[in-house]
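One structure is given below, encoded as structure tokens.
Just so you know, these numbers come straight off a predicted model, no measurement behind them. So that the names make sense, note that chain A is the first sequence line, chain B the second, and so on, each numbered from 1.
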Amino acid sequence: MSAHYLAQQLINALSHGSILALLAIGYTMIYGILGLINFAHGEIFMIGAFACFGAVEFLEMSFPAGVFAAIAGSVLAGLLIERFVYRPCLKRKPEALTVFIASFGASLGLRNLFTMLFGDGRRPFPSAGFLEGIIVTESGLTVNVKDLWIFGVTVILVVGVSVFVKHTKAGIAMRAVAYDANAARLVGINGATAVLTAFLLASILAGVSAVAYGVSYGIVTPSMGYQIGLDAFIAAVLGGIGNVPGAAVAGYIIGLGEILFVALLPPGYSAARPTFVWALLFLILFLKPSGLFRPDMKNR
Amino acid sequence: MLSIENMVAGYGKAQVIHGIDLEVRSGEIVALVGPNGAGKTTTIRCITGEIRPVKGSVRYDGANIADIPPHRVASAGIGCAREGRNIFGNLTVYENLAMGGYVIRGHLKLRERMAWVYDLFPRLKERTGQLAESLSGGEQQMLAIGMAVMNEPGLLLLDEPSLGLAPVVVDQIYEKIAEICREGASILLVEQDVGLALDISRRAYVMESGQIRISGPSDELGKDPYIIDTYLGAR
Amino acid sequence: MGDLRKKWKGFCATLCFVSFLSGAAAVAAENKIVIGSIWSQVGVAAPPGQAGLRGGRLAVKLLNERGGVFGRPLELKNIDGQSDTTVISNAAIRLVDEIKVVAACGLCDDSLVSAAGSTFQSGKTPFLVASATTPTIPSIGDYIFMVPFGDNYQGRAVASYCAKTLGWKKVAVIRDSASAYSTELSKFFVESFREFTGDEGALAHQEIYQTGDVNFTAQLTRLRRQSDRQRIDGIVITPPFPQDSPIIAKQARRLGIRLPIMLTDGADDPTVIEVGGEHVEGALISTHFAAEYPLTENAKRFVETYTAEYGAEPGAFECLGFDSVMILAETIETIGKEKWDAMSLSARRTAMRDTIQIHKYVMTTMPISYPDPETAKYPRIPEKPVVFKEIKAGRRIFRAILNPEDLY
Amino acid sequence: MDMNKAMRSIAGLAALIGLLFLAETFLRGYYLRLVILFGVTSIVALGVTVINGYTNIFSLGFGGPMMAAGYASALLTLPPAYKSAVLHLPLWLEQMQVSFPVAMLCGGIFAMLSSVVLLLPAFRLRGQYFILASMGVTIVTGNLAENFRSFTHGDMGLRSIPAFTNIWWTYGILVAVIYCIHRLMESKYGRALAAISRDPELAGVMGIDIARYTMLSFAVGSFITGVGAVLWVHLVLTMNPKAFNLVYVFQIVAMLAIGGIGTISGALVGAGVLTFGAELLAPVQEGFTVMGLRIPPVFGLVNVLMAILLVLIMIYKPRGIMNGRELRMCRRKKGDP
């Protein structure tokens, strides 16, 4: 195992880890504040990708405009899901299971809707010239410009959201609502606003993540959010629910772990990659049931 | 300042409060005492807007607040420290206080109030960066009260501030309550320890089974044979 | 309670009415010749399923424009398999028992064929497997035929082309371990390639992924390291569905791997070029048909009419759907009108089976015939030429053709 | 009173047998298949309702044990010639060929054992973590089945599995399962389980051994789902790694959610809605002509409608169509589609 080989694999994990990290933050925030697995988060991600695809392909916008379209699409989807699925569902103070199934229904419905409209096939995702370059270092490492962009943007967003949640009034209020919604109301925090903020942030990140996914793999499909959504949720659990930087770090750990699992074992094992991710989850949950880092929102 | 008239309230079909009248005047401490399950906490919840009364009115500074949602009550000038330490365990002491002052507009004002609370409870200042859940019981109670007064409330609702605390700590807390009142806040104090409550308050209401049984100036109530028999007998 | 019972009765009545209507429709359709198909329109198998159905519909349209099968309109009744084992198994029973088709075609995934195959066999209804290619599939029974060539045959053809025409000595293979198509085809390819090169070590490297993977960089980086250490002439990828190969190609090029790429018929699809863009330029594809090759006029006509109808060039799945329907139509015509009219449904089905077994098809894109089941190693799999194309300037250009006699 | 009840049970059973006879005689292949499929699905749904509805846990891991049961039964009943041709099995397994009831029993026991082995460690986890871990069990089992080719034949799956499942086996077992669950729920165990599912903490305080009862209902439920899986395999005649994947698991959970989790009627109603609803509505999306108006095909419409139905039920009737009640009169009629 040469250092050169490892270094290249590490570079390979940059974009995949970033995609997972951005998604994982979304899961962690919504789980933190509402205590529910937002199963439809993968679909919010998918809708972002379709929004970008549609804007560039059909409306002939430029790629940067497409990125904003992706964010807008995701945010719209996230807020609609919050408004028409979770809010009416939670209003009746249901059992956790009810909300879980509703969220799963929302996910299924959106995925099927997009399948109905666009078909199951993969469509080409637009890209921009400035993302396409390849840098080859003297030692022969290949670095794609898009990976650098994705990594850079992700780091900025992760730091931004972490600072927001940690230090701004709205961010602290969000964590307060996550801890005890009733107590938060008594000091004058509007719980609904905090929940909306969480959905807004989660959706923005999902939109960016969708663009990163599209640029990296060049495709957009209605089922794109399913697999990666599960992986990202695992990352959220590993990172300690509600812990924003934790989720991001865990996203990179899983992204890198998947790459290294394939890279370090003989080719025959590559197909067991899904099993590896879950095995990692089981292992960590048994050793440290609250995740790698301290949960930051829910104290359970 | 606060006046409750003929209020009826409950949870779903179970009626808990059967028509009470209660008044807190400006600058006074009013105690609401009574046995467990008498409806004291429910009364507090009606004032904070968590429960909407079935009948009757809750007026604060002349305006009916029975129908406004809880998160608006705080900005109307009512602070509340609830039974069971209404603090955010996952936030630091500083952050908790900042949340207590959530409705304050302007950074300077927030700083000023925070300094005031730190003056009131120097212990909190020592613990400012610590997570609230790591504090001791007494410190948590101080924090809860500190949060409630951050907003410089005209009316402070205190629900069982002595619950589960060592007597020494209870004395400290009650000193602070008196101090807060001297700074200008009216206080409605819900307390199980009747003797303690009558000592600090100017007037008191005794609540039993959802109704006000007796009310009057605290020193008079302290001499009332019924009160002595029922509540102060142990003393 | 009474209300519920009333509703229940109403529901039953509606059910009876619906089934009565469908029965009535079946009687009215007596004049038509109804063939069935199962192509998934949703789920994992939907992209090839939709392509297959488009091809099949085109064949029906062309046949009906020409006057149908001996003057009668042909109807293709497709049931959406939803890529689901249970649904497909139900669909097979519906086609055999309820719609009473004379024969059926469709399906594109080996595991899904298993769900339908035994139903067609026990219902004694000929079934043409449109695009699953494992050579053991027709061992389900003598009513099950394949339209594409088997993996053994294509594997050998690709090996022959790589070793003899392109002169490759060492190859790397990338395959999907969750797909029977991919594993079987790679296996047969490697066996034949070793035979043709006479080199046991001709397979320089092998990489594996799992259906649904989108990140292949780890595998490709290892492949690149291997190609730095020893000579590799090309990469053979056997993707079960069109979706994977352009992504693999894209990531390979982005990692600086410039080796020639050979794809198999699962990748002969316009989306490969749409998604892959410049990254799949120069890739070779083995497939079933080519418009440019003058062996039959049909392939050209198929490509032209398809392009006119759908505004895009067809791929392998469209071609196989088209061929499936054409085989069924030609079979019925071969049996002849008088004989056909005199036969009962089960006799028609059996006659179709017997005809498919011996007839040499000319209405399909390429000449297709089935080998003698007594002597063939894998019976009921067609012998037909394998076409090689190259992707050039976003189009698939004909490169070569290998006839069955060239291979063995 | 008792007499009356017994008479009614016998009358109900006789009516059911009569209906099944009618169904077998008059229903054609496809409709007969739907009736059988409804029975099989109901058995699985009942098994899952025992696992998830009667305790305080919620498992999405039953796909894994079902897969184990399906493969076990297939391997035990396939002809040795087929097994030696496509698989690489230990000799004893290759040569073994058992009768259907034995295979079914083995399948059930295998499902029970594997679910206990797979999910027992996960009992340490709480709430949504458990759901996540159990989901992983289903995914991982599928992934393993795809890659252990010598036992499972990989993605191609096993085929030519003997067709044993018929209307009598299916409904015989369904009636037995309903009877057992009914008796279980009215016994001491049932009351304990009911207490646990309502308020686990209170039940614990009352001295109910939660872990033991949860295990019990978990094992019983897994056994029933295993038997259901065996029936499915011998009905569809193929077994592949995607047979009981997460999609299938979610379908069953959706059924229970629609019908109402935790009751026998809920499971049956849910299974009915999904089996017949999806099959009857499927032609709608293939496009049709109404009074000269051509409705174009919209594939996937049924799936979208089902998902919307699921969300609406969760919002407005969180306890399902049956709202947590049992329908006593209707239950005996379930033989009739």
Nearest 0.5 Å, what's the [atom1]-[atom2] distance between [X] and [Y]?
{"X": "C:Arg222", "Y": "A:Leu265", "atom1": "CZ", "atom2": "CG", "value": "8.0 Å"}
{"X": "C:Asn215", "Y": "A:Tyr217", "atom1": "CG", "atom2": "OH", "value": "3.5 Å"}
{"X": "A:Glu132", "Y": "C:Glu278", "atom1": "CD", "atom2": "CD", "value": "6.5 Å"}
{"X": "C:Asp244", "Y": "A:Ile219", "atom1": "CG", "atom2": "CD1", "value": "8.5 Å"}

Is it the case that the side chain of C:Glu274 and the backbone of A:Pro124 share a donor-acceptor pair, with hydrogens and angles ignored and the cut-off at 3.5 Å?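 No.
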
Go through the steps for A:Arg273 and C:Asp213 under the test side chain to side chain contact (heavy atoms under 4.5 Å, CB included), then give the verdict. CA-CA 9 Å; A:Arg273 183 147 83 173; C:Asp213 282 358; 3.6 Å; yes

Under 4.5 Å heavy-atom distance to chain C, tell me which part of [X] shows up: side chain, backbone, both or neither.
{"X": "A:Ile135", "value": "neither"}
{"X": "A:Ile259", "value": "both"}
{"X": "A:Tyr269", "value": "neither"}
{"X": "A:Pro266", "value": "backbone"}
{"X": "A:Glu258", "value": "neither"}
{"X": "A:Arg111", "value": "neither"}

Per-residue contact mode, C:Arg175 against chain A (heavy atom under 4.5 angstrom): neither

Please flag which part of C:Gln206 lies under 4.5 Å from any non-hydrogen atom of chain A: side chain, backbone, both or neither.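 Contact with chain A involves the backbone of C:Gln206 alone.
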
At a heavy-atom distance under 4.5 Å, which candidate from A:Phe261, A:Phe125, A:Tyr213 has the highest pair count against chain C?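 Highest number of heavy-atom pairs under 4.5 Å: A:Tyr213.
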
Among A:Gly121, A:Ala271, A:Ser223, A:Ser15, single out the residue with the greatest number of heavy-atom pairs under 4.5 Å to chain C.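 Of the candidates given, the most pairs with chain C belong to A:Ala271.
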
To check you understand the geometry: which heavy-atom pair defines the closest contact between [X] and [Y], and what is its length?
{"X": "A:Ala263", "Y": "C:Ala218", "value": "N-CB, 4.3 Å"}
{"X": "C:Arg254", "Y": "A:Lys146", "value": "NH1-CE, 3.3 Å"}
{"X": "C:Val214", "Y": "A:Arg122", "value": "CG1-NH2, 4.1 Å"}
{"X": "A:Ser216", "Y": "C:Gln251", "value": "O-NE2, 4.4 Å"}
{"X": "C:Lys250", "Y": "A:Gly218", "value": "NZ-CA, 3.5 Å"}

Could you tell me if A:Gln8 and C:Arg225 have a donor-acceptor pair between their side chains, going purely by distance under 3.5 Å? no

Take A:Asp120 and C:Val42, measure what side chain to side chain contact (heavy atoms under 4.5 Å, CB included) needs, and give me the verdict at the end. CA-CA 6 Å; A:Asp120 284 277; C:Val42 292; 4.0 Å; yes

Which one of [options] has the most heavy-atom pairs closer than 4.5 Å to chain A?
{"options": "C:His205, C:Glu207, C:Gln41", "answer": "C:Glu207"}
{"options": "C:Gly43, C:Ala46, C:Gly212", "answer": "C:Gly43"}
{"options": "C:Gln243, C:Gln210, C:His279", "answer": "C:Gln243"}

Worked check of side chain to side chain contact (heavy atoms under 4.5 Å, CB included) between C:Thr217 and A:His16: CA-CA 10 Å; C:Thr217 49; A:His16 194 59; over 6 Å; no

pair C:Gln226-A:Pro267: side-chain heavy atoms closer than 4.5 Å: no

Could you tell me whether the side chain of C:Leu255 reaches within less than 4.5 Å of the side chain of A:Asn12, counting heavy atoms only? yes

